[in-house]
Amino acid sequence: MSDILTVADLTLGFRTEAGPARVLDRVRLSVRPGEIVGLVGESGCGKTTLARAILGTLPAEATQVGGGRIELAGSDMLGPGGGRGVRGRAVTFIPQDPFASFNPLFRIGTQIMDLMRWNSPRRDPAVRTGWYSPARRRADRAAAIAMLEAVQLPQPARILRKYPHELSGGQRQRVMIAMALLPEPRLVIADEPTTALDVTVQAQILGLLRRLAVDRGVAVLFTTHDLGAAWEICDRVVVMYAGQTAEIAPREGFFAAPRHPYTHLLLRSLPEEGRDPVGIPGSVPSPLRPPPGCRFHPRCPRASQVCTEQAPPLLGEGHLTACHHPVGGALGDTLDG
Amino acid sequence: MLRRFARDRAAMLGAVLIGLLVLAAVFAPWLAPHPEDVWQFHTPRRLLPPGPGGLFGTDRMGGDVFSRILFGARITLSLSVIAVGSAVLIGVPVGLVAGYFRGWFSDLLMRFAEIFLAVPQIVLAIAIAQTLGPSIQNVILALSITYWPFWARLVYAETRSLRNEVFIESAVALGASPLRVMVLHVLPNIASPIIVRTSIGMGATILTAATLGFLGLGAPPPTPEWGRMIAESREYLPDAWWYALAPGMAIFLTVLGFNLLGDGLRDILDPRTRRSAGQGGGGGGGGGGGDE
Amino acid sequence: MVWLNIVLNRLVWLVPTLLGLLAIVFVLSRVVPIDPARLAAGDNASPEQVAAVRHSLGFDRPLPEQFLRYVAAVARGDFGTSLFTQQPIADDLAARLPATLELTLVAIVLAAAIGIPLGVVCGLRRNSWLDHVLRVVTVSGLAVASFWFAMQLQFLFSMKLAWLPLSGQIEGFPPEHVTGLMIVDALLTGDTEALRSAVRHIVLPAITLALPAAATVVRFTRNGVIGVISSPSVAYQTAMGYPRRLIVWKYVLRMAVTATVTQLGLIFGILLAGAVVVETVFDWPGIGAYAVRSILQSDYNAIMGFTLWAGAIFVAVNLLVDLLQAAIDPRGAR
């Protein structure tokens, strides 16, 4: 089955006052239709930048693409006019901060119906104008109400008349999920969708997201720094460290037998019954002066001379690792999953 | 910090304009081609257009407009510095005290200040200046009385928001006297907005002073006050078009200088209202590496 | 409830503010070296006549008593009589209010119509050449002395080009009185002659008055747009494929205008202060010119009446701004 999203060797950075920041370094990633992929990494590892790059919403004037490509539902997102007609249709977005992501001055209903006016699946993509037929408006509204019900919001018609500040954080994120699913996309990018929420609400929202996505066959790319959350809902996990892809593995294999030393340490840093969490010494390097070779080598207990000179290629079948000295030995030949 | 300032071309322009004003004021007697024209009449030479005789032409008394502009800079500069200085000296302590202490007295002080803000400043200034009689001293007095509440209100708000900061509370807990806390701890931390406000306040004060002069409330003639010069020129329009041009431009460039400087200082000193750094963009968004 | 709170909050402070204002002006007017009784009696009056006038005007009583009498009279709507027009000051002011209102309204519409779109464009194209040019223009607009700018306009458009009248509000017969606003009255009565004249007369004063206000609106709108355009809500809408023009001209504009409205009180203050000078230069028969003339003629009853009016209008405008803000910002007044 062909991938819905392919990120191939993406290298990307920003011009800053302090010089170029090399935020992403030959990142590789793919999402298959209907699959839920967790993109895991610490804050500052480039997850959000990658999510925005896929959506094509990075600030054009400051962004420098060093190479690679992003292909989403057959469209080249880095090409001229990249993403237009794809954003909001084939791919939608659930933001990190449901508090700030609504415009506070407009009712929820206005904001949903403006989305539907332009991106509803019932809209004829050939029509370039904003014409909104009453019949389609009625159908879109009914769909919106049904979707709000599906995300378990009581009295959806009343929600539509409310202003964002009249909803709780959890309610707002449910609306965001509904809006992400309404255009019937093939992929939803959820950028740390639960970090801004109470712990008690987080699990509900994650469960809801997974169930709705699986029911509808929608693929999800889900960024998180929370391995627990990844374990809850993902089919496959991609680990990033300082802008490089470290490991890609199916969920079971990932948690049972991590191969990259970073992943290994990351899992050991989780609090678990019977042992204290172990932190990883050192800190994430600045993208202004990333270490040469494997960016993890200054903190890696297994690092050797070669790690400081060459960035390791991403190798393996199904379970891929970018490491010169992977944990657990034997590696397959070169091939991506 | 200085480098940032030097890169801000607008702020530099402001500094240069103010520098020129100060130079003109200080060296007026040497720079002016006809320093005696400030007080003497040369009726045969009256209302001459700009030419070799005088850069900006001559006025209704035959005075060289250029020379009078230079001497006018002295009036404008000294008047605005003294008026704004007094307004700051009244407003800052009032705002500090009202902001630092809580209670009816603080409320009363600020209510009193707000009374002055309830009518257009120009009206209040005209009323006071007229009541006191036309002289430079009275213009200064009128402007200080009119403008002090601006600093009081600013300092009050800043002090209030600072009052609950940990470092202020710990200074109080360590037994520092209120005066000591206000002067040594609060004041240095609110200096930036005061400086910015003062630069912009200079511009506003100069405009108001010129308006008073225009309405005939400033120093009596033949004082070379810019606003008064413009008022005098009115009856000679449209023939003596140059007459009003030079003093008007002088006011404009001076006020522009203080406003540009204030804007530039705000960018440097007051990060909350920063007009976001210029070209090259990206700024925080890119520098952080993305994961906001 | 929010509305009631806002109104009460403002009204509670209206009376003390106006009383304080009155006290300040009153003290000023009574400590002056000029004897108002002599002024009222005229130059040729004998000492006895002056004394009689002084007594009849109450100037011979103690200051606090004079003040209380004045406040009591004001409370009854009696501002006293102008020493010069010999008319009740309330009537003088009421007769001149429509002219000021008309000028100010035209200026505010002009400032908004020019300032908001320019501010939006500058905010969207930050650091473009247009933004730089407009930054210079707006900073300049706030640095120009309005009386001088007015004179230059008069010089160019009235004297040299003779396109527009030099001063005044209308030429020939004014339209039939309906609202007191010349342009509106001319429109209502279909008086095209008067309409033409009224419009031609208002152009220059309105431009002069609108210049600093428009400059302020541009700056606030620009900064508002810059703040909003980089906000998470715009990032979200962009990622969700909302069309750019919808984001800008519906969502961002509304946010920026809301931010500008919070500054309307300030902008109105600029206009009110400007009106005083602009009306004087253009001989516009409004309360601003009346105030300047009263002040220059030491007509203290008129000065106090005007000050009180200006204070009341200012408080009313701020109240209006609070209400407007509560109306357009669903989060409620902050």
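Below, read A as the first sequence line, B as the second, and so on, with proteins coming before strands; counting in each chain starts at 1. Basis for what follows: all heavy atoms, side chains included, without hydrogens, waters or symmetry-related copies.
The 12-atom threshold is not exceeded at CZ of R141(A), counting heavy atoms of other residues, nucleotides or ligands nearer than 6.0 Å. The environment of CZ in R89(A) is crowded: more than 12 heavy-atom neighbours from other residues, nucleotides or ligands sit within 6.0 Å. The number of heavy-atom neighbours closer than 6.0 Å to CZ of R158(A), taken from other residues, nucleotides and ligands shown, is 12 or below.
One finds the CD atom of Q237(C) at 6.0 Å from the CG atom of N103(A) (value rounded to the nearest 0.5 Å). With rounding to the nearest 0.5 Å, the separation of CZ in F106(A) from OG in S233(C) is 10.0 Å.
In this structure, the portions of S101(A) lying under 4.5 Å from any heavy atom of chain C include both its backbone and its side chain. Only the side chain of Y163(A) comes within contact range of chain C, with heavy atoms under 4.5 Å apart. For chain A, no part of R244(C) is nearby; none of its heavy atoms comes within less than 4.5 Å. Both the backbone and the side chain of T238(C) have a heavy atom closer than 4.5 Å to some heavy atom of chain A. Interface remark: E166(A) contributes no atoms to any contact with chain C (heavy atom separation under 4.5 Å).
In this structure, Y251(C) and T110(A) approach most closely via the heavy-atom pair OH-O, 3.7 Å. Contact between Y242(C) and D114(A) at its shortest, heavy atoms only, is CE2-CB, 3.8 Å. Considering every non-hydrogen atom in both L115(A) and M240(C), the closest pair reads CD1-O, 3.6 Å.
When atom types are taken as modelled, the side chain of Y236(C) and the backbone of P98(A) share no donor-acceptor pair closer than 3.5 angstrom.
Inter-residue side-chain proximity for Q96(A) and P232(C) is flagged as unmet; no heavy-atom pair is nearer than 4.5 Å.
Counting heavy-atom pairs closer than 4.5 Å to chain C, the top-ranked of the candidates P164(A), P183(A), P185(A), P104(A) is P104(A).
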